[in-house]
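Proteins get letters first, then strands, A, B, ... in listed order; numbering begins at 1 in each. Keep in mind the model is a prediction, meaning the values are calculated, not measured.
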Number of protein chains: 2
Amino acid sequence: MPLFATHIISILPNMASADKFDRAALEQLVTKRFFYAPSFQIYGGVAGLYDFGPSGSALLNNIISLWRNHFVLEEEMLEVDTTIMTTYDVLKTSGHVDKFADFMCKDLKNGEIFRADHVIEAVLEARLQGDKEARSAKAGKTAEQIAAESAADAAAKVDKKKKKKKGTVVAVELADDVRQSYEECLAQIDNFGGDELTAIMKKFDIRSPESGNELSEPKEFNLMFESLIGPTGQLKGFLRPETAQGQFLNFKKLLEFNNDKMPFASAQVGRSFRNEISPRSGLLRVREFTMAEIEHYVDPENKDHPKFEDVKDVVLTLLPKDVQMSGKTDTVQMTMGEAVEKKIIDNQTLGYFIARIYQFLDKIGIKSDRLRFRQHMDNEMAHYACDCWDAEIHTSYGWIECVGCADRSAYDLSVHSKRTGEKLVVREQLAEPRTVELWQVEINKKTFGPKYKKDAKAVEEALLALSEDQYAQLAKDLEANGVGSVQVNGQSVEVGKENVTVKRGTVTEHVREYTPNVIEPSFGIGRILYSLLEHSWWVREDDEARNVLSFPTVVAPFKCCLLPLSGNAAFEPLVRKYSRELRKAGVSLRTDDSKASIGRRYARNDELGIPYAITIDFDTVQDGTVTLRERDSTKQIRDTFENILKTLVNAN
Amino acid sequence: MPLFATHIISILPNMASADKFDRAALEQLVTKRFFYAPSFQIYGGVAGLYDFGPSGSALLNNIISLWRNHFVLEEEMLEVDTTIMTTYDVLKTSGHVDKFADFMCKDLKNGEIFRADHVIEAVLEARLQGDKEARSAKAGKTAEQIAAESAADAAAKVDKKKKKKKGTVVAVELADDVRQSYEECLAQIDNFGGDELTAIMKKFDIRSPESGNELSEPKEFNLMFESLIGPTGQLKGFLRPETAQGQFLNFKKLLEFNNDKMPFASAQVGRSFRNEISPRSGLLRVREFTMAEIEHYVDPENKDHPKFEDVKDVVLTLLPKDVQMSGKTDTVQMTMGEAVEKKIIDNQTLGYFIARIYQFLDKIGIKSDRLRFRQHMDNEMAHYACDCWDAEIHTSYGWIECVGCADRSAYDLSVHSKRTGEKLVVREQLAEPRTVELWQVEINKKTFGPKYKKDAKAVEEALLALSEDQYAQLAKDLEANGVGSVQVNGQSVEVGKENVTVKRGTVTEHVREYTPNVIEPSFGIGRILYSLLEHSWWVREDDEARNVLSFPTVVAPFKCCLLPLSGNAAFEPLVRKYSRELRKAGVSLRTDDSKASIGRRYARNDELGIPYAITIDFDTVQDGTVTLRERDSTKQIRDTFENILKTLVNAN
């Protein structure tokens, strides 16, 4: 229940519409109140690495804590904590060694490095802007008018996910077809691979927006940080690019922990790493970040969700892929029930999690009218995904991908199983036994042992673990040539028909065996935190200098600030007593006993987003009453500390 | 308040005394209930990397959560969250690039790699054991008697912190002086550097305990994982070996956040890394681990602690360094007040934290009679520390260092300040102004600007930031030669007496400026967790197969297990309802609706260390009563769910 009758958040002036958003002022606030700052700043800092200060760190912890309650505890997910350091083999198998890469190009004269897609965007957007200015100049508008229009236009239409080095804008009018080809290219930029980027750079003569120099052809750069494990120099490892692999590798143990019951989910919160080519947009593109990931394992033949009913009336803003492929960004609003029924969202489980993501973001304070779910286009998708919807939050940088909700199908479990020979499957007792025709292997024990000696067991196991196609091939080879081969620990071993017989046979199955599909909601906590800062920030109308961060109480860095009126010694025992009682009641607390005036300290609290402040004054010493102030409304009430404490404990 | 009248923990048979401790059985339990397991196990695993499963991860999170309450919230410490990836410059300055290393040696024939100190220990201990067997055989004892005595002896006396490859024991009697020299060497093994290790290996002819082959001379191996940041290949980074540096680098911002008030502490929980040479003892020696570190900044001239009074009567078991240097390990028991008064512990702040560490470990379930505080010997200390006490917990591996409490003096802030030119100091308004004699610099503006042009500002700043010694040298040089030099951004710049005058003068100071000292309690959460598993584990007397982990409720992976008697559909709505209400009341929960019997499921709960279980049966459907079972006593009570819920919420 809200503590004060009218909670101010709903009537706040919306300071955050992108066209007049003063990002520099917010950044100043973020630095001043140490939400976060560049790491190693006294050493000059390094792009893409940030440290969270006490306020940012508390905000981060509270968001994670709410995430745990909302997802992990609510669904009894199996939370794990796996290593960041991951071996080459694992990430080779998962596809990250080969495919987790961006394209970079180099200024051929000064060596500056750019991300290829970003440099194309920067240059084309600058040319379009120049075109607009040239056309408007003809129409007699002022430079300011043009700039304002363009900014509003950009914010409304273009997805500017990355802060790019801006191209220099020169007012040159473009031919209509050229302009159109630029716009089409920009709408699909995330959809392009290396060859396409190379072609575009040639076709549109893309040069460095900084120097105007020619650029090298786009070259793949793997985004994983690499290291060596142990002193031998032989064992290569990477810092994980996602927390997911650690979860997949433990699938068998997790299923067992869950008493073999399906469906279930594992979850993990932890650091992941991307060695970004040239990160430039604050918390939105970083080299080290906290993720929270869920891997929900589901029967591929039945992706219904038992709790779908709970979310079917949630209304969402959707941007499906076919709309984007036609070069547009028009969203549709509909209930989750309708979206799944119309197959816009593929199945109930995917839909359930999309709706739960919406509810989570809403709870922590993301404005729902600045939140949409965008479906990935086919080429844009990660190599492991077969469908993916991003929760995108609107900020002054445009629409930012903050949560991905991907259907990874059986990709990961299948590749790891294949590579290691470990079965990563669910075995389900069938209600009715069923008869199936299968390839069967018979081993001639008499000749088999003597032939393979100490390898006999490994060869036998390999023979028993072949796929249906492999059995068919082996049967064909044995029939045709009398010999065939089987892979044993990466080596081809010959088997002859005197040792092995492969034939079709009928078996009765009592158990169904399948590789589950994985629905993966994956949260970038830093991006969510940054978006929340933008959505929560406003400035009091009566005073330009008075910033407020209106975080919901549940995630605010501290719930309450305790302020003795002055440094008078009479207040000291009360500060100790009240802070002990507040802590005991679970109210997170910051004591501000600095010498600044109460007014200045209230202003400081507002900037830290602390929703409540308790002031101790000389009356408190006499009668035990304190003043409670609410952040957004600045309203104050006076009551005994005991009553205020009760009020605070229940306040949200 | 305890839920049941007699809480069983205090009367548990002490299964964990080291001489008869069945570690293999505990390890089996840990694996079976997925507390933790080797990472990438399906790929064969990698030494020193472990994943925590749902039970281990929950235990870990609960320990961390209690740590936050006990330390961070209690003292309003400033928690931060800094990056793992750390640049070369930072760790070069901190001393880790040069000094964070162990000595390794290689089997000269088969290439196997050992840690030098570990291999010496293994070989000498095996020889001592052989000596004992030879002497006992003379005295007519059986091999079993000898083995039992030795194990008890080892557990009681020797600090076996590392599980080493064991040397082969051959019953050979040693001369008395040889035996004594081995024992002295072992008592001081942590105190030896590279030269000493080399000398010992030669003197005692240390060979591989595995193959008997000769070993290479000990060679330093830096324990940091190295990587490259960004695509240029120019920027070297390391995975942090401790979370401390990230805190020191933000000192200035943190002091400001704290309104410039001293003393204060920052804190951080996060992953750190050590590229161990040859890790072999489960969670006790790993390459990636969760740390929780506090950096408490204190005035070097006054290390009293305002809350020392609260802890002065805490009784602790201490092992001071002078005892160890004399080759002994006898501990003393005394109150913290006495320890500080007798200067066994240097100051109140160090003492305060040692006592708080004791209270924390006690709270999470570490047995206080198996906990001691051992002071580091001089050469054993990390390069940055000037005094250090380890909280050591006794386990089947011997005494394990689980928490370090070091006085890092002003080391880190000083070296970073010197390297970056950023002042990392506290400025304290003096009650009375004071007059001091200082070197003073006067710059001749007329000639200075024209001479240094664009560098003038940098040269001036460098001149103003010299130390007293540097001023004295410069004054001497100017006097003698008419020129001197100053370091500007790492380059030597000449200054002449026509530009600069340096002389002694008197100034009145209103502000005292000092570099604070740092007291650092540093917790290895994984080691604490492992020790807790050993201290919590026991087996019911009536049934060998019934393992129990008696975690205190506050850290148990889940507080309660919810068990429907069977798969009967009538129980489903009750499971949903009760689990919702338990969650809402903040009771962490595991539902076990598997088909196993209630007895088997209770046994499973005991193995997971879940203190309470609620069973839903057919009476529940009728009258809303449930059975509550307590883990340690196995006592059961029957009451309405509503009453049980209330009891549970208050239970500890």
Considering non-hydrogen atoms only, spot the tightest contact between [X] and [Y] and give its length.
X        : Y        : answer
B:Arg33  : A:Phe257 : O-CE1, 3.5 Å
B:Arg287 : A:Pro231 : NH2-CD, 4.2 Å
A:Ala37  : B:Lys253 : CB-CE, 3.7 Å

Portion of B:Ser55 that has a non-hydrogen atom of chain A nearer than 4.5 angstrom: both
Contacting region of B:Ile84 [heavy-atom separation from chain A under 4.5 Å]: both
Which one of [options] has the most heavy-atom pairs closer than 4.5 Å to chain B?
options                               : value
A:Gln245, A:Gln41, A:Gln268, A:Glu276 : A:Gln41
A:Asp260, A:Asp593, A:Thr290          : A:Asp593
A:Phe273, A:Phe558, A:Phe289, A:Tyr36 : A:Phe273
A:Arg580, A:Arg590, A:Met77, A:Lys106 : A:Arg590

Max heavy-atom pair count under 4.5 Å with chain A, selected residue of B:Ile277, B:Val90, B:Asp89: B:Val90
Contact leader toward chain A among B:Asn69, B:Asn258, B:Leu239, where contacts are heavy-atom pairs under 4.5 Å: B:Leu239
[Y] and [X], any side-chain heavy atoms less than 4.5 Å apart:
X        : Y        : answer
A:Leu589 : B:Leu73  : no
A:Phe34  : B:Leu78  : no
A:Asn259 : B:Arg604 : yes
A:Phe225 : B:Ile229 : yes

Residue pairs passing the salt bridge (Lys or Arg N to Asp or Glu O under 4.0 Å) test where at least one lies in residues 73-86 of chain A, sequence neighbours excluded: A:Arg68-A:Glu79, A:Glu74-A:Lys307, A:Glu74-B:Arg583, A:Glu75-A:Lys307, A:Glu75-A:Arg356, A:Asp81-B:Arg271
Under 3.5 Å, which donor-acceptor pairs do the side chains of residues 43-52 of chain B form with other protein atoms, sequence neighbours left out?
from: B:Tyr43; atom 1: OH; to: A:Thr93; atom 2: OG1; distance (Å): 3.0
from: B:Tyr43; atom 1: OH; to: A:His416; atom 2: ND1; distance (Å): 2.7
from: B:Asp51; atom 1: OD1; to: A:Thr83; atom 2: N; distance (Å): 3.1
from: B:Asp51; atom 1: OD1; to: B:Ser39; atom 2: OG; distance (Å): 2.8
from: B:Asp51; atom 1: OD2; to: A:Asn250; atom 2: ND2; distance (Å): 2.9

Short side-chain to backbone donor-acceptor contact, A:Asn275 and B:Gly230, under 3.5 Å: yes
Main-chain N/O of A:Met85 paired with B:Glu288 side-chain donor or acceptor, under 3.5 Å: yes
Interface residues of residues 57-65 of chain A facing chain B - heavy atom cut-off under 4.5 Å: A:Ser57, A:Leu60, A:Asn61
Residue part contacting chain B, namely of A:Phe221, when any heavy atom lies under 4.5 Å: side chain
Atom group of A:Thr591 that falls short of 4.5 Å from chain B, counting heavy atoms: both
A:Lys559, NZ atom: more than 12 neighbouring heavy atoms under 6.0 Å: yes
Of all pairs that satisfy side-chain hydrogen bond (donor to acceptor under 3.5 Å, both in side chains), the ones with a partner from residues 225-237 of chain A, not counting sequence neighbours: none
Euclidean distance, A:Ser417 OG relative to B:Ile42 CD1, rounded to 0.5 Å: 7.5 Å
